[in-house]
Protein chains: 4
Amino acid sequence: MQQVSSLVKTDRLVYFLAMPNATRRSERSRQAILTAALDLVEEAGYARTSIEGIAARAGVGKQTIYRWWPSKGAVLLDALLLPSEGDEGVEPLPDTGDLAADLKHVLRATVDELRNPRYDGPMRALATEILHDPALHVQWSERIDGPLTEIREVRLRSAQAAGELPADLDLALAIDLIWGPLFHRWLQGSGPLTAEFADAVVDSALDGLR
Amino acid sequence: MQQVSSLVKTDRLVYFLAMPNATRRSERSRQAILTAALDLVEEAGYARTSIEGIAARAGVGKQTIYRWWPSKGAVLLDALLLPSEGDEGVEPLPDTGDLAADLKHVLRATVDELRNPRYDGPMRALATEILHDPALHVQWSERIDGPLTEIREVRLRSAQAAGELPADLDLALAIDLIWGPLFHRWLQGSGPLTAEFADAVVDSALDGLR
Amino acid sequence: MQQVSSLVKTDRLVYFLAMPNATRRSERSRQAILTAALDLVEEAGYARTSIEGIAARAGVGKQTIYRWWPSKGAVLLDALLLPSEGDEGVEPLPDTGDLAADLKHVLRATVDELRNPRYDGPMRALATEILHDPALHVQWSERIDGPLTEIREVRLRSAQAAGELPADLDLALAIDLIWGPLFHRWLQGSGPLTAEFADAVVDSALDGLR
Amino acid sequence: MQQVSSLVKTDRLVYFLAMPNATRRSERSRQAILTAALDLVEEAGYARTSIEGIAARAGVGKQTIYRWWPSKGAVLLDALLLPSEGDEGVEPLPDTGDLAADLKHVLRATVDELRNPRYDGPMRALATEILHDPALHVQWSERIDGPLTEIREVRLRSAQAAGELPADLDLALAIDLIWGPLFHRWLQGSGPLTAEFADAVVDSALDGLR
DNA sequence: AGTTAAGCGAGACGGTACGTCCGGTCTTGAA
DNA sequence: TTCAAGACCGGACGTACCGTCTCGCTTAACT
């Protein structure tokens, strides 16, 4: 759920094949709905945001939402991806040859995004909603988590090739070890979520606590 | 949110002072409600569990729930603490002198608890509910997260005293680094949650990825 | 509250102007609600009839009742008017030229209606409900009591023109004197409510007790 | 329901025989309950007056009400009789030898009582409640309506003896004819309830409309 | 250019659950 | 034993939304 704003919708086509004739779709309404959804979640919180409320705020009939999205969470997922809509793919992680520096750069950016109230709320909501909604979890995995994992693994493999990391390192474990602490502090509030924390996580993860 | 079942209610007194006359409270109803809540969450999931449903299953008036708990999440929090109700305090982490071994023991136990369907569901629900409900977050912090952090810090300080960890180590960071990956994998499903994973997390956190 | 079944809704237009878009209203639901209301009041009495119960019996959502009626009494008022719904206006009282005979005819009919269990219960309920609910009282006055008073006055004026009643008679007083005793006996149970009683009331009211 | 304030409880004994040991009864609580009931009905109306509310206002436990009265209406009935509690019996109607004058006197007094907001509300409530509550109806008949009918019949019989009324007059009919119009206008609001109206009713009832 | 079928706004519909109020019963401790 | 206090089970309240549906209107695509 980090750097979401640079993701793209990778599977628009497949998504739309199961849908009504998308060519007739009102772009005006789509934008209004996604914007209204973000606004309401920011103002009132996810739990107090209803589809009825989104429709009213967007000046749209309820059916127009139900026609294009299966759930409130799905609307929000699209809303989060709104800024990165025109992008061609996920921007890869920086690769300057210095793994620690690159990771610190990325984690600092993530910290910034998590502290932006416009995205923090919806992302918290999504992160929790996918626990209860399998269909949403699939969307989340394919369109957000998958691409993020992909570019992270790319960077880590590059580090392995450069000898910065062991060749036999379990990449999934490495990702949990680097991004897990950030995630934990974000959701649990176990401490301040700062750039310094991001740096310390990277150093500790790479070199160990002792 | 791990090893919850060995926690105690640390602040019963304060809690009850703000409540209706607790001496007249029906212990029978209280037990029935907490049990029904766990049952329903296990059977149908948190989202499909309603207060009305809990009351019906417990054979209790709705008002009896509203009288003693402010929200569905608060009921669940008490329900999770039900097994540890008589305990005098939180059991401290094991301290054999071998930090890595002790942590592996603890994380394996946590993994077991997270895979127990009776507790996984409610704990997922709570972990997400506290993101939206500040009052619940306070309860969570005071009654679950705080005590857990406490015993973890105790064990880490002991390791510092024994020279196993640097004396100037940021303990909050250390906790995030050790328990964060577990938490991440639990909620994000980024990989299998196994005893082997627990072991690998401990080793990597202590010695670093490289 | 007599001869209700021959009344019409005199102010449909005004009534609907203040309502939700009435053109989309489900006639099926409306009928089901009114019928269920009458059934339940007949079976269980007004006090034990709940809006929830009406909705359940009618196979209708509660909101559908609350959308179109402000109170249980209002539903019942419409329910009482259901049989006369298509009528063009209130049927005038008979005018054969013999006031006493005509009034006896009318009062006997009223006695019959008040003894019909399907209407007696709801009408008792309404007659009492309007004492506590001003909005309902207005509806009652406009749609039931007003038209009834109107046709009674017409008949009495005709009698004045025919010289059967003094030209300066206070018509409101006359109506109270003729229908009041019936009303009193109906609600107070001060004696049997029979055709003979109706006849005696007419004779006594017209000629005096002494 | 007229001149209630001069009635007495005619059957205290019988009433109490079915009750808990009345000797222990707290007179202070009884007074407080009856007063609170009248107050609340006057302030908020009968429908919005709850037994719970009466208990709270009277500073009394709910059980104390349920112990001594079977229903809200029964409380109100006692409350209405509170002022006449010490009386020995119902005061007979005046008998000056002039029936019309005496009846006008009585009906004017009744009009005054019906216009007193402290009694109008409760009496309306009772008049309607007895329609739905048979047990209350019995109490009403025995303790209010019966005695009133009694003294009215006494006066009418006196008039028969004096030749002011036919010897074969149906007294129940006569009572309906005299008091019915008042009752009708009171509950239906079919016109102003004034002393003039009372006079006109007496004249018309005695001499006929024509 | 006219026809037609979709998407659209609006919002009524059958439902479920909410959180509250109160009914009538039961229990506790003080007087 | 009564009382004030108030917890208890239960049922109904009136409201908020759910997801589905139907109505006319608008609008784009294909005659």
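Order of the sequence lines fixes the chain letters, A, B, ..., with proteins taken first and strands second; residue numbering starts at 1 for each chain. Below, each value reflects all heavy atoms present in this structure, side chains not excepted, and no hydrogens, waters or symmetry copies. All values reported here derive from a predicted model rather than from experimental measurement.
- In this structure, B/E52 atom CD and F/dA16 atom P are separated by 17 Å, rounded to whole Å.
- For the pair B/I54 CD1 and E/dA17 C1', the interatomic distance rounds to 12 Å; values are reported in whole Å.
- Sequence order on DNA chain E of the closest nucleotides to B/S50 and A/V60 puts A/V60 first from the 5' end.
- The shortest distance between side-chain heavy atoms of C/E42 and C/L38 does not fall below 4.5 Å.
- Summarising the geometry, the separation between OH on C/Y66 and P on E/dA12 is reported as 17 Å, rounded to the nearest angstrom.
- If you measure from atom CZ of A/R25 to atom P of E/dG9, you get 12 Å, rounded to the nearest angstrom.
- Summary of the strand contacts: C/K72 and B/T64 both lie near DNA chain F, and taking for each the nucleotide with the nearest heavy atom, the more 5' one is attributed to B/T64.
- Look at A/S26 and you won't find any side-chain N or O under 4.0 angstrom from OP1 or OP2 of E/dG7.
- You'll find the side chain of A/W69 reaches within 4.5 Å of the side chain of A/I33, heavy atoms only.
- Separation of atoms NE2 (D/H132) and OH (C/Y46) is listed at 8.0 Å; rounding is to 0.5 Å.
- Of the candidate nucleotides E/dC18, F/dC23, F/dT27, F/dT27 has the atom lying nearest to any side-chain atom of A/R24.
- Here D/R67 reaches the OP1 or OP2 of F/dC3: one of its side-chain N or O atoms lies under 4.0 Å away.
- When the side-chain nitrogen and oxygen atoms of B/S29 are compared with OP1 and OP2 of F/dA7, none of them lie within a distance under 4.0 Å.
- Per the geometry, CZ belonging to D/R57 stands 18 Å off C1' belonging to E/dC22, to the nearest Å.
- Heavy-atom nearest nucleotides on DNA chain F were determined for B/A58 and for C/G53, and the one closer to the 5' end corresponds to B/A58.
- Between C/D39 and C/R118 the shortest side-chain heavy-atom distance falls below 4.5 Å.
- If you measure from atom CD1 of D/I65 to atom C1' of E/dG24, you get 12 Å, rounded to the nearest angstrom.
- With the nearest nucleotide of DNA chain E identified for both B/I51 and C/A55, C/A55 has the one nearer the 5' end.
- Using a 4.0 Å cut-off, some side-chain N or O of D/W68 falls inside it from OP1 or OP2 of F/dC3.
- Using a 4.0 Å cut-off between charged side-chain N and carboxylate O, C/R57 and C/E52 make no salt bridge.
- If you measure from atom CD1 of A/I33 to atom C1' of E/dA10, you get 14 Å, rounded to the nearest angstrom.
- Summarising the geometry, the separation between NZ on B/K62 and P on E/dT20 is reported as 10 Å, rounded to the nearest angstrom.
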